[in-house]
*Asks:* 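Take a look at this one; I'll ask things after.
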Amino acid sequence: MEPQKQQDITRAWKQHQVFEPKEIAEKDKYYVTQPYPYPTGPLHVGHGRTYTTTDVLTRFARIQGKNVLWPMAFHVTGTPVLAIADQVKRKDADAMQMYRGYIGIYEKNPEKVEQILHSFEDPKKIVAFFGSVIEKDFDAMGYSIDWRKQFTTMDPYYQQFVQWQFHKFKEKGALVKGKYPILYSAVDGNAVGEDDIKDGDTDKVAITEFQLIKFPLANDPHTFIVVATLRPDTLFGITNIWVNPSLEYVKAEVNGEKWIIAKNAIEKLKLQQKTIGDIAAVPAHELAHKDALHPLDAHMHIPILPTTFVNAEKGTGIVCSVPGHAPFDFMALEEAKKLGDATAQRIHPKYIIAHPNGFEMRKFLDTFKVQSMNDRTQLQQATEAIYKIEFYECRTNGENGPLSNMSVRGAKDKSVELLKAVNRWDRIYEPSRKALTRAGNPVVVAILSDQWFLDYTSKEWKEKAHRCLNRMRIFPEKYAKTLHDSIDWLEQRPCIRKRGLGTPFPFLGGWMIEPLSDSTLYMLFYLCIETLRENGMKPEDLDEAFFDAAILGKALPQGDARSAAAQEIHGKLQYWYPNDIRHTAPAHIQNHSSFWILAHTLLLPEEWWPRAASFNEMMIRNGQKMSKSKGNIIPLIDAVQKFGPDLMRLYTIASSSLERTADWKDEQVPQVENKLNELEKVLRQGLDFIRKGGADFMIQLDAATNTAVSMKNTSATPQQFWLKEKIMQRLGESYEAYAQMDYKMAAQKAFFEPLNDIKQFKKVFAEDESFAVSLVLKRWLIMITPIAPFLAEQLWKEAGFPGFASAQHLEQPEGKPAKEVQERVDAVEKILGDVERVRKLAKGNPKTLYIYSIDAQETEWIEAAKAQIEKYALLQVKINDAHDPLGKKAKAQKGKAALYLE
RNA sequence: GCACGGGUAGCGAAGCGGUCAAACGCGCCAGACUCAAGAUCUGGUGACUUAGUGUCUUCGGCGGUUCGAAUCCGCCCUCGUGCACCA
């Protein structure tokens with residue numbers, strides 16, 4: 001279809017407000033939402049898959065006769081927009097080139113491109129530009145969005161709304177203040193996310209928590225030598241402490257205590273909210289061969305020994321030694337003994353964990369081929385292996401003091417508890433691997449004070465969310481479990497940050513509400529914005545009391561000028577809420593979708609809880625993930641211009657079911673096009689038939705319900721009605737598939753299978769299908785609108801049907817293809833199929849096909865189809881001829897005619 | 001590492017206890033139509049067998065449940081996705 005016609009159709013939809021539902025109607029309402037796009041670049045076909053799916057479900061709901069609302073807005077809060085603005089300000093060549101390319105998709109004049117690019121120094125210009133082009137992309141795709149409710153998340157009204165939401169969170173006790181470790185760059189003075197870390201996307205950096213154990217020195221019990229460990233469960237397996245003579249150690253005042261630690265650890269402790277006082281150097285050789293006291297048993301003296309493997313960059317640069325269960329410690333001890341260290345020679349590994357099949361460290365290390373301290377890789381492997389075995393499968397034996405005879409997991413928790421009780425415990429966080437920022441600065445862990453969290457740990461809250469989920473419909477169903485799991489998994493989640501665009505956090509100046517947290521309840525806001533605009537409300541009017549009234553229906557004081565607006569909004573909400581379905585990608589389950597459910601269940605009454613959620617997997621291209629770095633993303637608009645919206649939509653929908661990753665295969669798209677063209681041809685034949693002479697039908701068609709029309713055209717044959725019913729049956733199946741959100745199936749039933757039925761019909765009866773198609777044309781067009789709206793709308797218009805195809809209501813079509821005709825079709829098909837099989841077995845080049853049938857009815861059908869059989873089999877046909885050299889007639893059964901070729 | 005989700009014919013992809021040698025699409029092979037090519041149409045496309053509708057072996061691997069499994073259970077291999085302050 002020509003682009004001009006498509007644009008005309010889009011314009012007509014807008015002009016006639018086809019997708020702008022009556023605010024309050026008698027019909028059943030259906031309120032659809034989908035996460036709004038983040039406009040920092042053109043959308044690609046992967047995004048298109050998700051929006052197209054929403055559009056299909058939205059359009060089908062209209063067919064079902066619902067009053068449907070699908071609004072759209074733009075998410076502009078967060079850091080990425082700022083990052084782009086910075087890049088443009090810095091004139092970063094790569095970034096400039098990329099954005100030049102993006103702008104060039106929409107703007108062909110190079111001067112204007114540069115102009116726009118430079119305007120990107122202002123982040124608001126970025127979102128304004130991409131927001132407007134995305135809206136155009138959506139229109140080009142034919143999405144049935146109600147644009148009247150459009151806004152951005154920087155809109156002052158919206159920010160008032162988000163602040164109201166946070167006041168409500170606080171009232172409910174969901175907003176708490178606390179401390180939290182985060183990845184941080186001390187040089188840059190800010191938190192770093194995955195995007196800020198070198199290789200952060202491919203090689204994830206996590207935060208590891210080390211336990212600190214404070215050992216009093218024997219000769220100075222008020223000074224602690226502080227070790228860092230991941231295995232406090234082996235507390236009574238400790239035989240000694242290791243220090244590394246090549247490192248710098250200090251005695252420092254930490255939170256008022258005297259700690260001996262590596263000098264390197266000071267900065268980390270500072271960043272992790274420790275108060276550091278006086279610092280004095282302590283040479284390692286002064287520490288070596290002194291004794292420390294066991295933190296839980298002062299009678300146990302733990303000698304401090306020198307070794308080389310201890311790393312200053314991890315923990316405190318001091319570790320405790322458990323040679324019975326730690327491969328490094330075992331080998332270090334062996335080495336010390338070899339070097340003649342007298343203290344070391346008195347030390348023997350202490351085994352405190354019971355292995356079901358016994359355990360001896362030397363033998364264990366042999367299996368990893370560890371021979372010396374230098375076999376670092378093998379030692380590392382052995383360490384990981386033993387940890388896995390002991391943590392998951394083992395219990396402590398009786399030698400582990402108060403940690404005896406319990407699971408290793410339990411011993412770990414218990415040790416921390418006991419150490420805490422006697423003030424011998426603390427902790428330090430480390431990145432899970434050595435990491436640098438993209439600028440090359442080290443990534444460390446810091447604890448920020450003043451951090452606010454949304455606290456999802458409340459049991460009652462989770463309970464409510466599960467209850468909500470249990471009542472929701474989830475498509476595909478398998479994601480219900482993922483959602484439940486996600487709700488259980490969520491704990492405390494930081495909800496404010498210092499960088500980026502966002503809504504000011506109402507309880508602490510200088511902080512923004514984090515951009516995932518500002519988008520959990522906004523489905524309410526779509527229903528507020530028009531009233532706010534129409535009444536010219538000032539943002540400052542929208543205080544807590546106002547939203548309490550507008551959303552929760554509380555009363556404003558007598559005579560408050562805002563009452564009318566609040567009531568109007570509340571009325572709209574009472575009609576439109578809850579959100580009937582929200583469609584998104586499974587990647588959002590663990591954050592956005594869960595927050596959405598949680599926010600609703602905490603703040604709104606049960607009748608306003610979400611009703612359904614649906615998901616579709618992502619789209620890859622030619623087997624590869626689309627990414628900016630690979631340069632293989634296809635901008636949505638490029639694909640639309642190349643293939644046209646209907647083809648893109650059909651390909652997207654028909655290539656895979658929602659829960660499967662879809663593969664955009666460049667060479668397969670044109671193949672689907674053939675089918676779409678074939679369908680158009682068939683539909684046009686039906687259309688022409690109506691135009692040319694079907695006037696009598698037309699009158700009756702329009703008046704007709706779902707039953708066959710009473711015919712004036714007497715030339716119609718039973719098989720033409722059979723075909724009509726057959727197609728109706730397919731459309732009915734398609735309808736059912738749409739209702740189940742099985743869109744791949746819906747496409748197959750409405751787009752592909754009827755074409756096969758028509759082929760079969762033509763083959764068996766050699767008749768024209770136009771009559772049958774004309775009878776089902778209206779319903780067929782309606783059934784393809786969700787997937788190919790432009791084609792449907794165009795033909796609808798050409799047929800002169802009233803209104804818009806996109807606005808039609810249709811009950812589920814039913815078709816009952818006549819049984820005798822069906823049998824007839826099957827009988828002929830069977831013969832044609834068998835002929836080919838027999839032909840291969842026949843000798844020579846047969847010219848004649850002998851058919852033997854023992855059933856009178858069947859014989860009659862075969863007689864009727866004789867010409868067709870001859871045409872397709874390219875043989876002369878003789879029926880029930882006396883000539884039967886192989887005695888085939890005897891083998892014929894009813895429904896199974898016997899064949900002979902000669 | 002942890003969690004979840006996949007692995008079906010040459011490829012893509014349905015099916016999710018019997019009607020399954022497995023829909024549909026592509027590719028490939030043969031035929032029709034063409035001077036020819038393309039497009040279109042028809043048939044075939046696990047193996048074996050036979051002038052035909054029969055037999056056998058298949059749905060990542062190995063076991064198990066069942067009268068019966070691609071479909072349910074266990075283990076293993078393998079691929080993908082997510083893993084927190086980030087949109």
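None of these values were measured; they are calculated from a predicted model. Lettering of chains follows the sequences in order, A, B, ..., and the numbering in each one begins at 1.
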*Asks:* Have a look at A/Ser655 and say if it touches a base, only the backbone sugar-phosphate, or nothing, with a 4.0 Å heavy-atom cut-off.
*Replies:*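 Counting heavy atoms under 4.0 Å across all strands, the contact made by A/Ser655 is with sugar-phosphate only.
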*Asks:* In whole angstrom, give the distance that lies between atom CG of A/Asn591 and atom C1' of B/C85.
*Replies:*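 The answer, rounded to whole Å, is 10 Å.
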*Asks:* Judged by modelled atom types alone, do A/Asp518 and A/Thr77 share a side-chain donor-acceptor pair under 3.5 Å?
*Replies:*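 Checked: A/Asp518/A/Thr77 side chains pair up, N/O donor to acceptor below 3.5 Å.
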*Asks:* Want to settle it: does A/Leu516 or A/Ser657 sit nearer the 5' end of RNA chain B, counting the closest nucleotide to each?
*Replies:*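 The 5'-side residue here is A/Ser657.
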*Asks:* Here's a test of your reading of the structure: between A/Lys665 and A/Glu753, which maps to the more 5' nucleotide of RNA chain B?
*Replies:*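 The residue mapped nearer the 5' terminus is A/Lys665.
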*Asks:* What's the closest nucleotide to the side chain of A/Gln590 if the choices are B/U40, B/A87, B/G82?
*Replies:*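 When the side chain of A/Gln590 is considered, B/G82 is the closest of B/U40, B/A87, B/G82.
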*Asks:* Any donor-acceptor pair, under 3.5 Å, between the side chain of A/Gln748 and the base of B/A14, if you only look at N and O atoms?
*Replies:*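 Counting by modelled atom types and ignoring angles, no donor-acceptor contact under 3.5 Å is found here.
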*Asks:* What distance, rounded to whole Å, do you find between the two C1' atoms, one in B/U66 and one in B/G31?
*Replies:*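 So the two C1' atoms sit 47 Å from each other.
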*Asks:* With P as the reference atom in both, quote the distance from B/C41 to B/C26 in angstrom, rounded to an integer.
*Replies:*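 Here B/C41 and B/C26 have their P atoms 9 Å from each other.
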*Asks:* Under 4.0 Å, heavy atoms only, any strand: does A/Leu901 hit a base, just the sugar-phosphate, or nothing?
*Replies:*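 A/Leu901: base contact, heavy atoms under 4.0 Å.
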*Asks:* Closest to the A/Met745 side chain: B/A14, B/C85, B/C41?
*Replies:*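 Of all the options, the side chain of A/Met745 is nearest to B/A14.
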*Asks:* Quick one: look up who B/G63 pairs with, Watson-Crick or G-U, both distances under 3.5 Å, and put none if it's unpaired.
*Replies:*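 With both distances under 3.5 Å, B/G63 matches B/C73.
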*Asks:* Can you identify which nucleotide, out of B/C85, B/C26, B/A87, has its nearest atom closest to the A/Pro80 side chain?
*Replies:*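 Between B/C85, B/C26, B/A87, the one nearest the side chain of A/Pro80 would be B/A87.
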*Asks:* Separation of A/Lys478 atom NZ from B/G82 atom C1', in whole Å?
*Replies:*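 Rounded to whole Å, this separation is 13 Å.
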*Asks:* Do A/Tyr900 and the base of B/A51 stack face to face, with centres under 5.5 Å apart and an angle between planes under 30°?
*Replies:*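 Stacked: centres under 5.5 Å apart, planes under 30°.
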*Asks:* Rounded to whole Å, how long is the line connecting atom CG of A/Asp742 with atom P of B/C16?
*Replies:*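 About 10 Å, once rounded to whole Å.
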*Asks:* Which nucleotide, B/A51, B/C4, B/A87, lies nearest any side-chain atom of A/His75?
*Replies:*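 Among B/A51, B/C4, B/A87, the one nearest the side chain of A/His75 is B/A87.
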*Asks:* With rounding to the closest Å, how many angstrom separate the P atoms on B/G54 and B/C20?
*Replies:*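 Comparing P positions in B/G54 and B/C20 gives a spacing of 13 Å.
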*Asks:* Which nucleotide in the list B/U42, B/A87, B/G25 gets nearest to the side chain of A/Lys763?
*Replies:*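 Comparing B/U42, B/A87, B/G25 against the side chain of A/Lys763, the answer is B/U42.
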*Asks:* Classify the nucleic acid contact of A/His592 as base, sugar-phosphate or nothing, counting any heavy atom under 4.0 Å across all strands shown.
*Replies:*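 It contacts nothing in the nucleic acid.
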*Asks:* For this output row, return yes or no: ring centroids of A/Tyr522 and A/Tyr36 closer than 6.0 angstrom.
*Replies:*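 Yes, ring centres under 6.0 Å apart.
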*Asks:* Is there a side-chain contact between A/His44 and A/Arg621 (heavy atoms, below 4.5 Å)?
*Replies:*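 They are not in side-chain contact.
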*Asks:* Given atom CG of A/Asp884 and atom C1' of B/A51, what is their separation to the nearest angstrom?
*Replies:*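 Going from CG in A/Asp884 over to C1' in B/A51 covers 12 Å.
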*Asks:* Looking at A/Thr79, does any N or O in its side chain come under 4.0 Å of the phosphate oxygens OP1/OP2 on B/A87?
*Replies:*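 For A/Thr79, the contact criterion (side-chain N or O under 4.0 Å from OP1 or OP2 of B/A87) is met.
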*Asks:* Relative to the ring of A/Trp664, is the ring of A/Tyr651 parallel (under 30°), tilted (30 to 60°) or perpendicular (over 60°)?
*Replies:*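 Aromatic pair A/Tyr651/A/Trp664 classed perpendicular.
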*Asks:* Using the ring centroid of each side chain, check whether A/His583 and A/Phe615 are separated by less than 6.0 Å.
*Replies:*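 Ring centroids of A/His583 and A/Phe615 are no less than 6.0 Å from each other.
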*Asks:* Roughly, in whole Å, what's the span from CG in A/Leu183 to P in B/C85?
*Replies:*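 The answer, rounded to whole Å, is 7 Å.
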*Asks:* When you compare B/U49 with B/U55, how far apart are their C1' atoms, in angstrom units rounded to a whole number?
*Replies:*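 After rounding to an integer number of Å, I get 8 Å for this pair.
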*Asks:* Under 3.5 Å for both donor-acceptor distances, Watson-Crick or wobble: does B/U81 have a partner, and if so which one?
*Replies:*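 WC or wobble partner is B/A3.
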*Asks:* If you measure from the P atom in B/A22 to the same atom in B/G5, how many Å do you get, rounded?
*Replies:*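 31 Å, rounded to whole Å.
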*Asks:* Within a strict 4.5 Å, meaning less than it, do heavy atoms of the A/Leu647 and A/Val669 side chains meet?
*Replies:*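 The answer is yes; the side chains approach within 4.5 Å.
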*Asks:* Distance check, C1' atoms only: B/C77 and B/G18, in whole angstrom units.
*Replies:*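 One C1' to the other, the span is 30 Å.
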*Asks:* Please report, rounded to the nearest Å, how far the P atom of B/G6 is from the CD atom of A/Glu617.
*Replies:*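 Going from CD in A/Glu617 over to P in B/G6 covers 10 Å.
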*Asks:* Which nucleotide sits closest to the side chain of A/Arg660: B/A87, B/G25, B/A13?
*Replies:*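 It is B/A13.
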*Asks:* Less than 4.0 Å between a side-chain N and a carboxylate O, is that true for A/Arg730 and A/Glu733?
*Replies:*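 Between A/Arg730 and A/Glu733 there is a salt bridge, with a charged N closer than 4.0 Å to a carboxylate O.
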*Asks:* Whom does B/C41 pair with, Watson-Crick or G-U wobble, provided both distances fall under 3.5 Å?
*Replies:*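 Paired with B/C41, as far as the under-3.5 Å criterion goes, is B/G31.
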*Asks:* Are OP1 or OP2 of B/G25 and a side-chain N or O of A/Asn756 less than 4.0 angstrom apart?
*Replies:*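 For A/Asn756, the contact criterion (side-chain N or O under 4.0 Å from OP1 or OP2 of B/G25) is met.
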*Asks:* Are there more than 12 heavy atoms of other residues, nucleotides or ligands under 6.0 Å from atom NZ of A/Lys314?
*Replies:*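 12 or below, so no.
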*Asks:* Please measure how far the C1' atom in B/A21 lies from the corresponding atom in B/A47, and state the result in whole Å.
*Replies:*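 One C1' to the other, the span is 11 Å.
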*Asks:* CD of A/Glu477 versus C1' of B/C16: gap in Å, rounded?
*Replies:*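 In whole Å, B/C16 C1' lies 13 Å from A/Glu477 CD.
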*Asks:* Need one value for A/Ala654: base, sugar-phosphate or nothing, where a base atom within 4.0 Å counts as base even if backbone is also close, heavy atoms only.
*Replies:*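 It contacts nothing in the nucleic acid.
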*Asks:* Checking base pairs now: Watson-Crick or wobble, both atom distances under 3.5 Å. What partners B/A21?
*Replies:*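 For B/A21, the partner nucleotide comes out as none, under the 3.5 Å rule.
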*Asks:* Determine the Euclidean distance between corresponding P atoms of B/G17 and B/G12; express it in Å to zero decimal places.
*Replies:*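 It comes out at 25 Å once rounded to the nearest Å.
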*Asks:* Any strand is fair game: report the nucleotide pairing with B/U58 by Watson-Crick or G-U wobble, both distances under 3.5 Å, or none.
*Replies:*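 Pairing partner, where one exists within any strand: none, as none qualifies.
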*Asks:* Can you figure out which of B/A14, B/G43, B/A84 approaches the side chain of A/Lys744 most closely?
*Replies:*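 That would be B/A14.
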*Asks:* Can you tell me how far P of B/C26 sits from CG of A/Leu650, to the nearest Å?
*Replies:*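 Rounding to the nearest Å, CG of A/Leu650 and P of B/C26 are 12 Å apart.
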